[in-house]
Amino acid sequence: MVIHVENIQKSFGKQEVLKGIDLDFFEGQIYSILGPNGSGKTTFMKSILGLVKPNNGKIMVGGSDGMKDHEYRSNIGYVPQIARFPENLKVNEVIDLVTSIRKQPSFPQEFVELFQIESFLNQRLKNLSGGTRQKVNLVLALMFKSDILILDEPTTGLDPINTIRLKELLLQLKSEGKTIIVTTHILHLAEELSDDIIFLLEGHVKYHGSTDRLLKLSHTKNLEEAIAAILQGEIDSEEETPVVNIYNRKKNA
Amino acid sequence: MLSVFKYCLFDLLRSRWSIVYTLFYLLSSASLLYFSNSATNAVASLMNIVLFITPLVSLLLGVIYFYQNRDFAELLLAQPIRRSQYFYGNYFGLSLSLVINLLVGFGLPMLFIGNGLQILQELSIVLLAGVMLTLIFSALALLITLRNENRVLGFGYAIVVWLFFAVIYDGLFLILLLWFNDYPLEKFAMIGTVLNPMDLSRVMILLKLDLSALMGFTGASFRQFFGSTAGFFVSLSSALIWITLPLYLLIRKGNTKDF
Amino acid sequence: MMRPLITSFFLLLLTSLYAKEIQLCKSCKVKTLSEAVSSASPHDIIRVKKGIYPTVGVEITKPLSLIGEEGAVLDAEGGAEIITIHSDSVEISGLTLRNVATSYIKDWAAISTDRVKYCKIQNNKIENSFFGVYFRKSSNCEISNNVIIGEAVKEMSSGNAIQLWYCDSMLIENNIVRKHRDGIYFEFVKNSIIRDNYSEGNVRYGLHFMFSDRNRYLANTFENNGSGVAVMYGKEIEMDNNTFINNWGPASFGLLLKEITDGKITSNKFKKNTTGIFGEGASRMIIKNNRFESNGWAMKVLSSCVDNVVSDNDFVSNSFSVFTNSPRNYNEFKRNYWSEYNGYDLDHDGFGDIPHRPVSLFTYIVEQCEPTLLLMRSNFIGLLELAEKAAPSLTPENLVDKQPRMKPLW
C-alpha cells in the first residue's frame with residue numbers, strides 16, 4: 001500500500017474536525033473523497049501532505065512517517081484548493097521556482113500543451129484569469145509525474161473541455177499505476193473517475209467502498225441520490241457495515 | 001532554502017514598495033547631509049529617521065508580504081522541503097531585500113560626501129544600526145504572521161510592537177527612572193537601554209557622535225561601559241538575542257502550525 | 001599701563017650704561033648665585049653660564065639683571081624657595097629653575113616677590129616646583145614667555161604656576177602654565193592684562209581669580225583643566241577672544257562666573273566642555289559674539305543672575321543650549337544663532353520669524369535625574385518636548401530669543 005492512515009484525529013481549537021480516520025490507499029486507483037462542507041476533506045488531504053499536523057494517529061507514505069519526514073513529498077503532486085500565486089511572478093518563473101525547490105526533473109511542456117497555456121508562459125500571474133491560474137496549478141502538480149496525486153477541487157474554474165482533458169489524463173495515469181486522491185463536489189465526475197468513494201461526514205468515514213456497492217446499499221441510481229440517502233441516514237446495513245474493514249478490500253474492482 | 005530565499009528576495013526587490021522605500025531614504029539622507037549646516041545635527045536627524053522608520057517598515061512590509069503569500073505557502077510547503085528551510089528562506093529574503101534598500105538609499109549619498117572620515121564613520125554606525133533593526137523586526141513580523149491567522153489582528157500587533165519599542169518603552173523607562181530617583185540608578189539605566197534594540201542603537205550612535213553631554217559627565221560610567229569591550233560584547237549579545245530569539249520562536253511555531 | 005613699562009625700560013637702559021657684568025659659572029670666580037648677588041652692585045648684570053647650580057633662598061635686595069645662558073639651571077634640589085625679590089627693577093630671564101619642594105606651611109615658589117615694582121620675569125623655564133612665580137603686593141611688573149610645568153597630581157599637595165596677590169597693573173603674557181593646581185591664580189589683583197597664555201592640564205583651574213577687578217583677559221587658551229576656569233567676585237572684567245576647550249566633568253566648567261558683575265565676555269570660543277559658561281550671581285554682564293560649540297550644556301544660568309545680555313552668540317551642536325533653575329528669567333537673550341532652531345524666515349531679514357526658547361524640557365528632566373541622559377534624542381522625549389513647546393508649563397516662558405539668527409556669525 002502506498003498511503004496508510006491510522007486513527008487520525010484533528011481539532012482546531014475546540015472544533016473537532018477529524019475524529020478518527022482509518023484509510024489505506026493503493027496503487028493504480030482513483031479515490032474520490034466526498035462530503036459536505038466542513039466534513040474534513042481538505043483537512044484530511046492536508047494531513048497526508050504534512051500541511052496540517054494531526055493531534056493523534058499515524059500516517060505512513062511509502063516507508064516514511066508523514067508526520068515527521070518531508071522527503072516523501074517528492075513523490076506527491078498537490079493541487080491546492082485555492083490557486084493563489086505571488087502576483088509579480090511570471091508563469092515560467094513559478095515553474096522554475098517549484099522545480100528548484102523540488103530538486104527533481106520536471107516536464108511541464110506536455111501539460112502546458114495539454115491545457116493550452118503556452119501563450120501565457122511569459123505573463124505575470126496577476127494578469128491571468130482564474131481558469132488559467134488553475135491550469136498553472138495543475139501543471140505544477142503534474143509536471144513531476146509523481147506516483148501520488150492529491151487534487152483538491154481540481155476542476156474549479158475549468159471549462160468543460162479542460163475538465164474532460166483532465167479526467168482523461170487522470171484515467172490514463174491511473175492505468176499507469178499512480179495513486180490519485182481527488183475531492184470534488186461534481187458528483188458525476190466522481191462517478192466517472194473513481195473506483196473508490198470515501199464519504200466523510202462530521203469527521204468520520206461514513207462510507208468507504210466502490211461506487212456500485214454504494215448504489216446498491218442506498219437503492220439509488222446515481223451518486224447524487226446515494227449521497228442524499230447517506231445524509232438522511234437511509235443506508236441499509238448489511239452484514240458488512242458501511243465502514244468497510246480495510247483488510248477485506250481488494251484492489252481493482 | 002536557497003530557492004525560496006532567492007524568490008522572496010527578487011519578488012520584494014521588484015515590488016513598488018521597495019522602490020519607494022529606497023527613494024525615501026535616498027531623498028532624506030541626501031537632503032539632510034547636503035543642506036544641513038551642522039554635520040552633527042544631520043547625522044543625529046538621520047539617526048532618528050532610521051531608528052523610527054526602519055523597524056516600522058520592516059514590520060509592516062513583512063506582515064503584509066507574508067500574509068499576501070499565505071496561500072502560496074501552502075503550495076510550497078507541500079513540496080519536499082523542510083518547513084524551517086522555507087521560513088528561513090522567507091526571513092532572509094525579506095530582511096536582505098530591506099537591507100539592500102537601506103544600503104542603497106542611505107549609502108549612495110555617503111559616497112559623495114567630501115567632508116571627512118569622521119562623518120563617514122558616524123554614518124556607518126547609523127547604517128549598521130539600521131541593518132540590525134531590519135534583521136530584528138523582520139523576524140518579529142514573520143513571527144506575528146505565523147501566530148495570527150487573522151490579518152487585521154496581525155497588522156494591529158505589528159503596529160503595537162513598533163509603537164512599544166519606539167515610544168512606549170522609553171516612556172515607561174523614564175517614569176521608572178524618575179520614580180526611583182532616590183536610588184542609584186546607573187546599572188538599571190544601562191540594562192534598560194540594552195534591552196531595547198532601538199535604545200541600544202541610539203545610545204551607541206550618540207556616543208560615537210561625541211554628543212558632549214554623554215561624555216565626561218558623571219555618567220562617564222555610561223561612556224566607559226558602552227565604549228569598553230565588555231559593553232561592546234553585551235550590546236552585541238543583546239542584538240544577537242533579539243535576532244535569534246524571534247527566529248527560534250517562529251521556526252518552532254512554523255513547524256507545528258497548520259496550513 | 002604702557003607708561004610704567006616705558007619708564008622701567010629707560011631706567012634699565014640708563015643703568016646698563018653704568019652696569020658691570022658678573023659671570024657665574026662652575027669654573028669662575030663666582031660659583032654660586034648668592035655670591036653673585038651679594039657681590040653685585042645695583043643695576044649689575046649677572047650672567048649665569050651653563051651648569052646646574054644648587055640654589056636655595058637667594059634674596060635679591062637691589063636692582064639686578066639675572067640673565068641665564070642656555071643650560072643655566074638653578075636647582076632647589078627639593079629645598080625651599082629659590083629666589084625672593086625684595087627690590088624694584090629686577091629682571092630674571094633665560095633661566096631654568098626647578099625642584100622646589102611642596103610645603104604644607106609655606107608657599108615656596110621658584111621665584112617670588114614682595115612689594116616690588118618694574119620687575120620682569122621672562123623666558124624662564126620652571127619645572128617641578130611647588131609654586132612657579134608668586135608676586136605679592138607688587139605692581140607694574142611683567143611675567144612673560146615663561147614655561148612653567150609642574151608635576152601636580154593632587155589638589156592638596158600642589159601649588160599654582162603663577163600666583164598674584166594684591167597686585168596692580170601687571171602684564172602676564174605668552175606663558176605656558178601646566179600641571180599645577182591652578183595655572184594662573186589671582187587674589188586682589190587690579191588693572192592687569194593677561195594675554196596669550198596657554199594654561200593646560202592643571203589639576204584644578206586653568207585660571208582662578210577672586211576679588212580682582214578691571215583686569216583684561218585676551219586671547220588665552222584654557223584647555224583640559226580639571227575644573228576648567230573659575231572666576232569669582234570681580235567687577236568690570238573683560239574676557240575677549242579666549243578659548244575654553246575640553247574641560248570635562250560634573251564640576252568642571254569652561255568658565256564659571258560667580259558674583260561677577262559689569263563685565264564683558266566677548267568673542268570667546270567654548271568648545272567641548274561639559275558646561276560652557278556657568279553663571280551664579282553674575283549680573284550686568286555682556287556676553288556677546290561668543291561661539292559655544294559641542295558642549296554638554298552651553299550655558300547654565302542660575303536664578304541669581306540678573307540683567308545680563310546674551311546676544312549675537314553662536315550656539316552650535318550643544319547637547320543642551322541653556323539651562324536655568326528658575327521659572328523666571330531676568331536676563332536678555334537676543335539675536336543669537338541656535339543650531340537646533342527650526343523656524344523660518346519669511347521676510348528674509350536674517351532672523352527667524354518665530355521666537356526660540358532654548359531651554360528644553362529634557363534639560364529639566366536630566367537635571368532631576370542624571371541617568372535619563374540615556375534617553376537623549378529618543379522619540380518619546382521628542383514628543384514630550386513638542387508638547388512642552390505647544391504649552392510651556394515647566395520651562396520658563398520668558399527665557400526667549402525673539403530674534404534668533406538663521407545663520408551663525410562665525
Side-chain angles (χ1 to χ4, degrees), chain B residues 36-45 47-48 51-52 163 165-194 196 198-200 202-203 205-207 209-223 226, chain C residues 224 226 228 245-252 254 270-276 292-298 314-321 323 337-342 361-384 405-408 410:
Chain B
S36 169
N37 37 23
S38 156
T40 316
N41 261 6
V43 177
S45 305
M47 169 190 80
N48 270 352
L51 291 186
F52 203 69
L163 254 181
F165 282 107
V167 180
I168 300 180
Y169 184 93
D170 287 342
L172 293 173
F173 194 23
L174 180 62
I175 292 177
L176 281 176
L177 284 177
L178 288 175
W179 204 339
F180 291 108
N181 198 9
D182 300 325
Y183 300 85
L185 280 176
E186 283 181 3
K187 276 229 173 65
F188 170 73
M190 291 197 275
I191 295 177
T193 303
V194 167
N196 178 344
M198 289 176 72
D199 280 336
L200 181 62
R202 189 170 47 78
V203 170
I205 297 174
L206 284 181
L207 283 172
L209 279 186
D210 215 33
L211 272 192
S212 311
L214 277 175
M215 294 175 57
F217 192 62
T218 323
S221 53
F222 292 156
R223 177 168 61 121
F226 284 111
Chain C
N224 194 23
I245 186 173
N246 264 331
N247 300 292
W248 295 112
S252 179
F270 297 86
K271 186 164 161 166
K272 295 201 184 214
N273 305 292
T274 300
T275 305
F292 297 85
E293 183 179 334
S294 300
N295 301 291
W297 287 257
D314 288 341
F315 291 85
V316 179
S317 299
N318 304 290
S319 298
F320 302 99
S321 289
F323 167 79
Y337 169 74
W338 312 88
S339 65
E340 71 271 16
Y341 178 59
N342 277 325
L361 178 62
F362 190 43
T363 322
Y364 279 98
I365 297 179
V366 170
E367 196 70 19
Q368 275 230 2
C369 174
E370 292 159 18
T372 55
L373 263 182
L374 280 175
L375 287 171
M376 181 179 291
R377 288 234 166 220
S378 77
N379 295 313
F380 185 76
I381 298 290
L383 280 177
L384 279 184
R405 273 179 202 277
M406 300 305 290
K407 283 202 173 49
W410 286 47

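Residue numbering restarts at 1 for every chain, and letters A, B, ... go by the order of the sequence lines.
Here the CZ atom belonging to B:F165 is positioned 14.0 Å from the CG atom belonging to C:N379, to the nearest 0.5 angstrom. Here B:N181 contributes atom CG and C:C369 contributes atom SG; the two are 4.0 Å apart, rounded to the nearest 0.5 Å. We find the CG-CD1 distance between B:L174 and C:I381 to be 5.0 Å, quoted to the nearest 0.5 Å.
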Between C:L374 and B:R202, is a side chain to side chain contact (heavy atoms under 4.5 Å, CB included) present by the stated rule, with each step listed?
-> CA-CA 9 Å; C:L374 280 175; B:R202 189 170 47 78; 5.6 Å; no

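With sequence neighbours excluded, no residue forms a side chain to side chain donor-acceptor pair (under 3.5 Å) with B:N48.
Summarising the geometry of B:D170 relative to C:S378, their closest heavy-atom pair is OD2-CB, 3.2 Å, with the distance given to 0.1 Å.
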